[in-house]
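Here the structure is laid out as structure tokens; the discussion comes afterwards.
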Amino acid sequence: MDAQRALLDELMGAARNLTEEERKGYKEVSWDDKEVCGFYMVRFCPHDLFVNTRSDLGPCPRIHDPKLKESFEKSPRHDAYVPKFEAELSQFCEKLVMDLDRRVRRGRERLAQEVEPAPPPPLTAEKSEQLSVLEEKIKNLLEQVESLGEAGKVDEAEALMRKVETLNAEKTALTQPQNDKLLMLGQEKKMALCEICGSFLVANDAAERTQSHVTGKQHVGYGMVRDFINEFKTAKEEANEEERLAREREVEERRKQREKESERRRSDSSDRDRHRDKDHNRERDRYRDRDSDRERSREHDVRGYRDGGRGMDYRVRNGGRDRYRDRSRSRSPVKHSHRRSS
């Protein structure tokens with residue numbers, strides 16, 4: 001009926017049976033409403049796995065609608081909601097498995113306990129008398145065997161030993177019949193425990209019964225739950241590993257970027273230092289040339305001071321006097337002739 005109801009809902013809508021007055025306050029359910037089962041949307045709902053079994057969880061309190069599931073799968077927000085629904089389903093399944101594992105441990109402890117056989121009941125008077133007669137016969141036969149052995153009658157001694165063995169078997173059967181029955185009963189009903197679903201099984205049972213258990217609803221349901229938990233944990237570990245590697249790559253990229261920035265700054269600093277050195281050298285040469293000019297000017301002034309401070313005017317005036325004296329001497333014939341005659 002649930003399947004037929006879901007089919008009618010899909011064809012005619014969930015509000016097909018509502019009156020006009022009821023339709024006014026009716027709100028169309030969307031897949032992202034809280035009333036909708038997210039477990040059913042992404043994977044499976046555990047409430048559907050154990051129907052009519054010892055682990056029956058009862059009907060799911062939320063909506064299971066194939067039409068809503070189809071709408072969810074086509075939604076552009078599908079990939080964003082899948083991790084959320086799967087995480088919630090994983091938590092629910094882990095709680096189920098924890099409860100089951102506790103039952104499995106208790107069952108394992110029960111099987112591990114060794115059932116001690118009950119002490120044999122006391123023998124009746126009749127059996128006690130039979131036991132005394134057997135023990136007396138065995139004692140007499142052993143004495144005879146010893147005597148025959150000393151006499152060298154080996155064949156007769158062996159025949160009596162066979163009788164002793166038969167009497168010992170009768171004695172054992174008389175004293176321990178119940179223990180043998182209990183042992184056989186324990187061997188016939190030895191139990192085993194299924195580690196998947198926690199069910200008790202008969203060890204070495206028929207193949208048909210074992211196959212029936214493996215394909216049963218409870219065993220298959222808990223197998224799905226355990227497989228999903230392992231799959232979810234593996235995917236989560238892989239995602240965490242990828243995230244860790246991405247962080248390491250990001251850190252490495254930032255480190256390389258910092259090295260590049262540092263190298264660029266060092267290069268810019270070197271260029272600035274070279275330009276600064278060149279400017280400094282040019283400035284130093286400029287000051288050196290200026291100092292050289294000042295030094296030459298100072299030396300020139302010093303030479304002028306050594307000439308008595310007269311400078312060029314004195315030399316010019318002195319040179320004029322010398323030229324005037326020469327001209328005067330050339331104009332005096334007496335003096336010249338007197339000098340020649342002398």
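Computed from a predicted model, the values in this text were never measured in an experiment.
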| message | So, using salt bridge (Lys or Arg N to Asp or Glu O under 4.0 Å) as the criterion, who are the partners of K256 when residues are at least two apart? | response | none
| said: Among residues at least two apart in sequence or on other chains, which ones pass salt bridge (Lys or Arg N to Asp or Glu O under 4.0 Å) with E136? | reply: none
Give the minimum heavy-atom separation between [X] and [Y], together with the two atoms involved.
X    : Y    : answer
F232 : S90  : CD2-OG, 3.3 Å
I196 : R226 : O-NE, 3.1 Å
G221 : L49  : O-CD1, 3.8 Å
R43  : L89  : CB-CD2, 3.7 Å
P46  : L96  : CB-CD1, 3.8 Å
R249 : E242 : NH2-O, 4.5 Å

Is there a side-chain contact between [X] and [Y] (heavy atoms, below 4.5 Å)?
X    : Y    : result
R110 : R106 : no
H64  : V36  : no
M41  : E73  : no
Q91  : K95  : no
L68  : Y40  : no
P59  : H47  : no
Q218 : S199 : yes
L193 : V104 : yes

Working to the nearest 0.5 Å, report the span between [atom1] of [X] and [atom2] of [Y].
X    : Y    : atom1 : atom2 : value
H219 : T53  : NE2   : OG1   : 13.0 Å
T172 : L134 : OG1   : CG    : 10.0 Å
E259 : Q257 : CD    : CD    : 10.5 Å
C93  : N230 : SG    : CG    : 11.0 Å
S30  : E35  : OG    : CD    : 10.5 Å
I138 : E165 : CD1   : CD    : 11.0 Å

Charged N-O contact under 4.0 Å between [X] and [Y]:
X    : Y    : value
R254 : E250 : yes
D56  : K217 : no
E170 : K137 : no
E248 : R244 : yes
E263 : R266 : yes
E88  : K84  : yes
E70  : K67  : no

| query | Where do D227 and E231 land on the side-chain contact (heavy atoms from CB on, under 4.5 Å) test, with the steps shown first? | reply | CA-CA 6 Å; D227 290 342; E231 180 183 348; 5.9 Å; no
| query | Just by modelled atom types, is the V29 backbone N or O under 3.5 Å from a matching donor or acceptor in the D33 side chain? | reply | no
| message | Could you check whether any side-chain N or O of S212 sits under 3.5 Å from a backbone N or O of E208, counting only pairs where one atom can act as donor and the other as acceptor? | response | no
same_hphob_cluster([X], [Y]) at 4.5 Å side-chain heavy-atom cutoff:
X    : Y    : answer
L111 : L100 : yes
V97  : F44  : yes
L167 : V133 : no
V220 : V214 : no

| request: Give the C-alpha distance, both sets of side-chain angles, the deciding distance and a yes or no for side-chain contact (heavy atoms from CB on, under 4.5 Å) between K163 and Q144. | output: CA-CA 12 Å; K163 290 183 180 181; Q144 293 178 19; over 6 Å; no
| Is NZ or CZ of R62 both nearer than 6.0 Å to the six-membered ring centre of F39 and within 45° of the ring axis? | yes
| Under 30°, 30 to 60°, or over 60°: which ring-plane class applies to W31 and Y81, parallel, tilted or perpendicular? | perpendicular
| Between S262 and R258, is any side-chain donor less than 3.5 angstrom from a side-chain acceptor? | no
| request: Start with the C-alpha gap between H213 and C197, add the side-chain angles, then the distance that decides, and say whether side-chain contact (heavy atoms from CB on, under 4.5 Å) holds. | output: CA-CA 10 Å; H213 167 75; C197 64; 3.3 Å; yes
| query | Of all residues at least two apart in sequence or in a different chain, which pass the ring pair (Phe, Tyr, Trp, His ring centres under 6.0 Å) check with F50? | reply | Y222
| request: Tell me, with the steps shown, if E143 and K139 meet side-chain contact (heavy atoms from CB on, under 4.5 Å). | output: CA-CA 6 Å; E143 292 177 353; K139 181 180 178 182; 3.9 Å; yes
| field | Residue pair F228, F92: steps toward the ring-ring contact (aromatic ring centres under 6.0 Å, His included) verdict | value | CA-CA 11 Å; F228 170 73; F92 190 88; over 10 Å; no
| task | Would you indicate whether R103, at its atom CZ, is surrounded by more than 12 heavy atoms from other residues, nucleotides or ligands within a distance under 6.0 Å? | result | yes
